[in-house]
Amino acid sequence: MIKELKNLTPKDVNFSQWYNDIIINADLAENSDIRGCMIVKPYGYAIWEKIQKKLDSILKKAGYLNVYFPLFIPKSFLSKEADHIKGFSKECAIVTHYRLKNSTKGIVIDPDAKLKEELIVRPTSETIIWNTYKKWIQSYRDLPILMNQWANVIRWEMRPRLFLRTTEFLWQEGHTAHATKKEALQETLKVLNIYTNFVEKYMAIPVIKGIKTQNERFAGALDTYCIEALMQDGKALQMGTSHFLGQNFAKAFNVQFFNQKGIKEYVWATSWGVSSRLIGALVMTHSDNNGLILPPKLAPQQVVIVPIIEKNKKNLIFLNEKITNIIDDLKKSGISVKYDNSENKKPGWKFAKYELKGVPIRLTFGMNDLKNGTIEVARRDTLTKKMISINCITNYVKILLKDIQKDIFQKALNYHLTNTTYVNTYDEFKNNIKNGGFIMAHWDGTSKTEKQIKEETKATIRCIPLYEDLTCGKDLITGMTSKRRVVFAKTY
RNA sequence: CGAGGUAUAGCGUAGUCCGGUUAGCGCACCUGCUUUGGGAGCAGGGGGCCGCAGGUUCGAAUCCUGCUACCUCGACCA
């Protein structure tokens, strides 16, 4: 299995196998017996917890309150917003009965226990939340409402893929209600910036901020903002979205308020989310052929210590004593440490195992080090080793963790930039899209051209970037004037 | 839902075309000894209704029919 992994490279056609091997070998998750549902193993879940805790504290500081709404949504709720139901109807899990019974054929669904109205397992919670907001909002004084929910959702996608597109996934979904359009729009962008900052600073993944075209928009939104990242095989992945919902849901659920002048108005809404897909992005952005590479800020174990045990095992006592001191010191500095002094595995096995799991720093300590007052420090990202004096090891590790965080972002950014090409003709476009990557090209703004490009090249417009230069140009196909370049890529 | 493919031990697989000993191998697991600074070696051991249900045959993992599940590709997508 591992040998197979080593024979693959991220650029291989078989990138999906490479990706799956890393996820399964690094103990993040495994293929499920139930279609596409992920089973997150403790290590995989630990990464999700890291993401969740950090993002949660950021959102709380920004003023959002956590809530939890029901898993089941009555079918009629979901149907109230026309575009919304159109977008989600093809991927809903539906509860129709509430009881089983014994029969001659074994356990069967009890036909007498049919629900009068079917319940949909939430694919997202806009409808059930707006049904409740109706009861909460009467006056402009009740606004804004800033809520966030950590939950699981179900989307019965045709083709599931570990972490990237699983039938069930974990996420946070924010739902806000505002008195004015301006405020709601500001909110949408504020959250987009929170996401960008989180993904770049913590996950060390560079992104492009942008706005979706009409074709790619969230079902029920007026505008969908997003952050897009580039994976190592040249495909793009949407890391998070922030939707400006306008008054669509307020109108669908009749949520109105009296403004300061006493006039009734519909409420303005936003919704936004990031999911456990982020774990997949982490894997695909930083991994190499030895396995996962985790950014220190999100690694469940930042440092692993491997003692070199000699044949009589007597030296372990001396090593333990010294290493315990090191661990205490590291922990005092807020660094998480795993000490693997198991005697049944050889050091080489442990090295390989923790590299596979992406632990940023490995410390190796044996009798030679004890004599010399040294310790061996190995970096996961560069796979380089260095002997360091044991007296300054805590400080060294502290600085090295910061360096690794910075370096892997820089590495990902370099990849991102070298794989972003600017093209001016459709031929250039077709040539470049074969190799993957982001392609910056002019587009006339019509769905027709967008669809034609999608059909002919399988590339879609990932977004209209917010901060790209605004030089004019001509559409690749129609030659119509275009005010700015947009980002094309193939996706997962 | 359309098109192709696969199903053999916890995982990965050989055997299937051309039916014939007790279904073989690697990893993992268990026992013992030796090892331990880059995935240890030797010796021994346990584990299989060959996806499910029928059929053909003296005899089926192998041939035939039906079913189910999964994988890849298309439409979908945080």
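Quick note: numbers below take in every heavy atom, side chains included, and nothing from hydrogens, waters or symmetry partners.
- Side-chain contact between A/F488 and A/F429 is present, with at least one heavy-atom pair separated by less than 4.5 Å.
- Comparing the same atom, C1', in B/rU31 and in B/rC73 gives a spacing of 49 Å after rounding to whole Å.
- Rounded to a whole angstrom, the distance from the P atom of B/rU68 to that of B/rC52 is 16 Å.
- Within the 4.0 Å cut-off from OP1 or OP2 of B/rG74, at least one side-chain nitrogen or oxygen of A/K458 is found.
- Between B/rU22 and B/rC64, the two C1' atoms lie 28 Å apart (nearest whole Å).
- At B/rG37, one or more side-chain N or O atoms of A/K346 fall inside 4.0 Å of OP1 or OP2 (strictly under the cut-off).
- In this structure, A/F169 and A/W171 have perpendicular ring planes: the angle between them is above 60°, well past the 30° mark.
- Using a 30° and 60° split on the angle between ring planes, A/F249 and A/H84 fall in the perpendicular class, above 60°.
- The same atom, P, is picked in B/rG24 and in B/rA9; the two are 14 Å apart, to the nearest Å.
- For the P atoms, the distance from B/rA14 to B/rG74 is 26 Å, rounded to whole Å.
- The C1' atoms of B/rC18 and B/rC29 are separated by 38 Å, rounded to the nearest whole Å.
- You can call A/F169 stacked on the base of B/rA78; the centres are under 5.5 Å apart and the planes sit within 30°.
- Using cut-offs of 30° and 60° on the angle between ring planes, the pair A/H243 and A/F218 is parallel.
- At whole-Å resolution of the value, CG in A/D369 and P in B/rG37 are 13 Å apart.
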